[in-house]
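Data block below; observations after.
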Amino acid sequence: MCGIFGSFDRPLDGSDPARALSAMASRGPDGAAIRALGPDRLFGHTRLSVVDLDQSADQPLAGLGEALWIVFNGEIYNAPELRAQIPDYPWQTDHSDTETILAAYWKWGEAFVEHLRGMFAFALWDGRSASLYLAVDRFSIKPLLWTREGGGLAFASTAAALNPLGVPLAPNERAVHSWLADGVLDTGQETFFAGIDQVPAATIARWRGGELSLRRYWTPAEPAPRETSVDEIAGWLDEATACHLLADVPVGINLSSGLDSNVLRLRAKASGSPLHAFTFSFPDTVYDEAARVAPIMSDDDPWTVTAIEPEDLWRDLIPLTRSMEMPLGGLAIYGHARNAAAAREAGFKVLFAGEGADEIFSGYKYYAEAAIAEAWNRGDRDAATALWQAFAKDDPESWRLGPEALACRGDQTAIARAPDGTALNVGFLSDAFAQTDRLAPPPMPQGEPVRALMWRDLAHMKVPKLLRWQDRAYMASSVEIRLPYLDHPLVERMQQVPIDALLAGGHAKAPLRAIAERLLPSDYFRLPKLYVATPQREWMKRDLHDRIDAWLDPGAALVRRGYINLERLRSAYRDYCEQPELGNSFFIWKFLALEAMFQGLFEGASA
């Protein structure tokens, strides 16, 4: 994982490419270089060395003499297979995965990106045709921002690297509105910065002759459900896990008490690749993940725990948000950032994480609710009732609504909700700002309702913003995060698993649970489900009350810019703190996270 930038066909007078490299230093502490590719054309790269540590693999990397050049951020997991498929390419490195992208382009032309398996954001210059290609992986695990501000085209891994190239950093008020009103961000091409877009997932862009064209190169095949076995699915997951282990440095894992990361850890261990685990914890609370993980760790399992206290968050909030370049999504994202720092201190550059499992294995409660409603509405009321009963038997409190009520209430998943399940409070926006535009809503996929919801979350609503948070949180400490559940062949294969198999026995993620039952003690499955995994509400209500209250001031950036009605927000926060229930704290978190972003990035930011 690295940092990349470039500037093409735009004046470089007044630009400071060296400062652009410095802005991405944490993304690539192992090397940095700038390469001029002609008048008003250059590449820049900062390297985090993970595969082929030799200097011959440093970037910008040339191919075919110097006809081709590339700057690349990410990992190509099928690089060994590509080298075997393209033996006649004039290879220059021992096993650089970066060079396999050049070879694939040489062999397949503009269709080359379809042959890449991995997480990636890269720019490839073909001097023969004066064409620049920008591409990101199928889920945009790796970010790539671009702008036409100032003419020509500039691109980078971060907005901070664009600024020294003469690109002003100003807030995109449509994104500001969507975050404050709905808690929504990163649902499309727009970013939090006015005039700066991102290359959408599964997209390759071509810049030639002053024109930019974008092409989507991948959409998963239509679902083709068939009978599958737990063994077959376990084999798919093992294959995804194995290819994600491609590295010349040690690999660890971001470990919670949930199924997703524990299955990855234990399957890797069983294959002979034990992973050092890193867990963030909130000690002496019901949210203490370390206490839940400890019983399932063996004496020989390497494990590091990072305890987090309220003052830690306050100390790091503004500098971390500056690195994130977007509002911090919640206390759990801060936990990820602390895990990254602990991993780097322990000598790790690469960590696995379990994100994506809920969306491909059907892990959210509303997926099951949608399956029940769909069966009821198509007239199969026995099936709807049986599925509802299977889920309700072990958790009747969460399943008080019966199948008919679920079928009649409509699509409740369209309502923006806080992590604790409550609707988001939008009443503190100023009257004028509440009338301004928001980001366009993402498309709602058509077809079978549960599959449609899963794809909506995977491609638009949940996973994209989580990927952006994770990338920035880990790269702030120079750590690469890898996500085996988002391996695109695994995602495509999971389209073959019927919905009733995903929800079998009244369990979300039933096949993954069945795999876990072979690996974890039976007591693990009796642990109470944590629907809220951090003490964010307690910290907002009590531990950080005085600090938050001090920010609710006429001098706050969001108040001065006219986004917030201060008296309404003060009143809402006061009422929240006085009520005995923990309730919904996300309304105040949204303010806190965005105020920190404005203080760190926009107040006094250079133009």
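This structure is a prediction, so every number in the text was calculated from the model and none was measured.
Annotation: side chain of Pro250 is not in contact with side chain of His276 (no heavy-atom distance under 4.5 Å). You'll find the side chain of Phe352 reaches within 4.5 Å of the side chain of Pro484, heavy atoms only. In this structure, Tyr105 and Tyr133 have side chains that are in contact, with non-hydrogen atoms separated by less than 4.5 Å. Residues Ile296 and Pro521 form a side-chain contact, since some pair of their non-hydrogen atoms from C-beta on lies under 4.5 Å apart. Side-chain atoms of Val263 and Arg518, non-hydrogen and from C-beta on, never get closer than 4.5 Å to each other. Contact check for Leu486 versus Glu355: no side-chain heavy atoms found under the 4.5 Å cut-off. Looking only at side-chain heavy atoms (C-beta outward), Ile70 and Thr98 come within less than 4.5 Å of each other. Within the 4.5 Å cutoff, side-chain heavy atoms of Val350 are placed close to those of Val249.
Note: Phe278 and Phe348 have perpendicular aromatic rings, judged against thresholds of 30 and 60 degrees for the angle between ring planes. Ring planes of Tyr364 and Tyr367: perpendicular class, angle over 60° (limits at 30 and 60°).
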Derivation of the side-chain hydrogen bond (donor to acceptor under 3.5 Å, both in side chains) call for Glu99 and Tyr89: CA-CA 10 Å; Glu99 194 175 18; Tyr89 180 77; 4.6 Å; no
Stepwise side-chain contact (heavy atoms from CB on, under 4.5 Å) check, Tyr485 with Leu264: CA-CA 9 Å; Tyr485 290 112; Leu264 291 178; 3.6 Å; yes
Trace of the side-chain contact (heavy atoms from CB on, under 4.5 Å) decision for Ile515 with Arg267: CA-CA 9 Å; Ile515 294 170; Arg267 297 297 289 195; 4.1 Å; yes
Working for salt bridge (charged side-chain N to carboxylate O under 4.0 Å, His left out), residues Arg226 and Glu232: CA-CA 12 Å; Arg226 62 175 178 82; Glu232 184 177 15; 2.5 Å; yes
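Salt-bridge annotation for Arg117 and Glu239: present, with a side-chain N of the basic residue lying under 4.0 Å from a carboxylate O of the acidic one. Using a cut-off of 4.0 Å between Lys/Arg side-chain N and Asp/Glu carboxylate O, Asp316 and Arg322 are scored as not salt-bridged. A salt bridge does not link Arg315 with Glu311: every distance from a Lys NZ or Arg NE/NH1/NH2 to an Asp or Glu carboxylate oxygen is 4.0 Å or more.
Checked against Arg47 for a side chain to side chain donor-acceptor pair (under 3.5 Å), the options Asp30, Asn73, Asp58 give a single hit: Asp58. When each of Phe122, Tyr217, Trp106 is paired with Phe112, the ring-ring contact (aromatic ring centres under 6.0 Å, His included) condition holds for Phe122 and for no other.
Across Gly74 and Glu480, no two heavy atoms sit closer than the pair O-OE1, 4.4 Å. Ser157 and Arg472 get closest at one heavy-atom pair: O-NH2, 4.0 Å. In plain terms, the two heavy atoms of Leu48 and Arg27 that are nearest each other are CB-O, 3.6 Å. Considering every non-hydrogen atom in both Ala516 and Leu259, the closest pair reads CB-CD2, 3.2 Å. Of all heavy-atom pairs spanning Arg482 and Ala247, the tightest one is NH2-CB, 4.0 Å. In terms of heavy atoms, Val450 sits closest to Ser362 at CG1-OG, 4.1 Å.
Annotation: the span from Leu255 atom CG to Met297 atom CE amounts to 5.5 Å, rounded to 0.5 Å. Note: Met454 CE to Glu359 CD = 8.5 Å, rounded to the nearest 0.5 Å. Rounding to the nearest 0.5 angstrom, the gap separating the CH2 atom in Trp589 from the CH2 atom in Trp539 is 8.5 Å. Leu331 contributes atom CG, which lies 4.0 Å from atom OG1 of Thr534 (distance to the nearest 0.5 angstrom). Residue Ile360 holds its CD1 atom at 11.0 Å from CZ of Arg493, rounded to the nearest 0.5 Å. For the atom pair Ile233 CD1 and Leu237 CG, the distance stands at 10.0 Å (nearest 0.5 Å).
The backbone N or O of Tyr474 lies less than 3.5 Å from no partner atom in the side chain of Ser477, so there is not a single donor-acceptor pair. Counting only distance, with no hydrogens or angles, the side chain of Glu325 and the backbone of Ala159 share a donor-acceptor pair below 3.5 Å. Of the possible polar contacts, none joining the Lys465 side chain to the Lys462 backbone as a donor-acceptor pair under 3.5 Å is found. A donor-acceptor pair under 3.5 Å is absent between the side-chain atoms of Thr46 and the main chain of Cys2, judged by distance alone. Judged purely by atom type and a 3.5 angstrom limit, Lys349 uses its side chain to pair as donor or acceptor with the backbone of Ser49. Under the 3.5 Å distance criterion, the side-chain polar atoms of Asn339 are left unmatched by any main-chain donor or acceptor of Asn254. A donor-acceptor pair is defined here as one N or O able to donate and one able to accept, closer than 3.5 Å; such a pair exists between the side chain of Arg216 and the backbone of Ala201. Using a distance-only test at 3.5 Å, with no hydrogens or angles considered, a donor-acceptor pair links the side chain of Asp137 to the main chain of Ile141. Side-chain N or O atoms of Gln536 include none that pairs as donor or acceptor with a backbone N or O of Phe586 at under 3.5 Å. A side-chain donor-acceptor contact under 3.5 Å links Arg344 to the backbone of Ser478.
Checked by atom type, the side-chain pair Asp231/Ser229 shows no donor-acceptor distance below 3.5 Å. For Asp395 and Ser398, the side-chain atoms include at least one donor-acceptor pair closer than 3.5 Å. Counted by atom type alone, Gln92 and Ser56 present zero donor-acceptor pairs between their side chains at under 3.5 Å. Residues Arg468 and Ser140 have side chains that bring a donor and an acceptor to within less than 3.5 angstrom of each other. Between the side chains of Thr93 and Arg83, at least one donor N or O sits under 3.5 Å from an acceptor N or O. At a cut-off of 3.5 Å, with distance as the only test, no side-chain donor of Gln495 or Trp455 sits close to an acceptor on the other residue. A donor atom on one side chain and an acceptor atom on the other are not found under 3.5 Å apart for Ser281 and Glu289. Checking Ser257 against Arg292 by side-chain atom types alone, a donor-acceptor pair falls below 3.5 Å.
In this structure, His115 has its ring center closer than 6.0 angstrom to the ring center of Trp108. Between Tyr334 and Trp469, the gap from one ring centroid to the other reaches at least 6.0 Å.
For Glu345, the CD atom sits in a loose shell: 12 or fewer heavy atoms of surrounding residues, nucleotides or ligands are nearer than 6.0 Å. More than 12 heavy atoms of other residues, nucleotides or ligands sit less than 6.0 Å from atom CG of Asp300.
Considering only residues two or more places apart in sequence or on other chains, Asp301 meets the salt bridge (Lys or Arg N to Asp or Glu O under 4.0 Å) condition with Arg265, Lys269.
Among pairs with a residue in residues 225-264, those fulfilling ring pair (Phe, Tyr, Trp, His ring centres under 6.0 Å) read Tyr77-His244, at least two apart in sequence or across chains.
Cation-pi check for Lys393 over Trp399 is not met; the charged atom does not lie both under 6.0 angstrom from the ring centroid and within 45 degrees of its normal.
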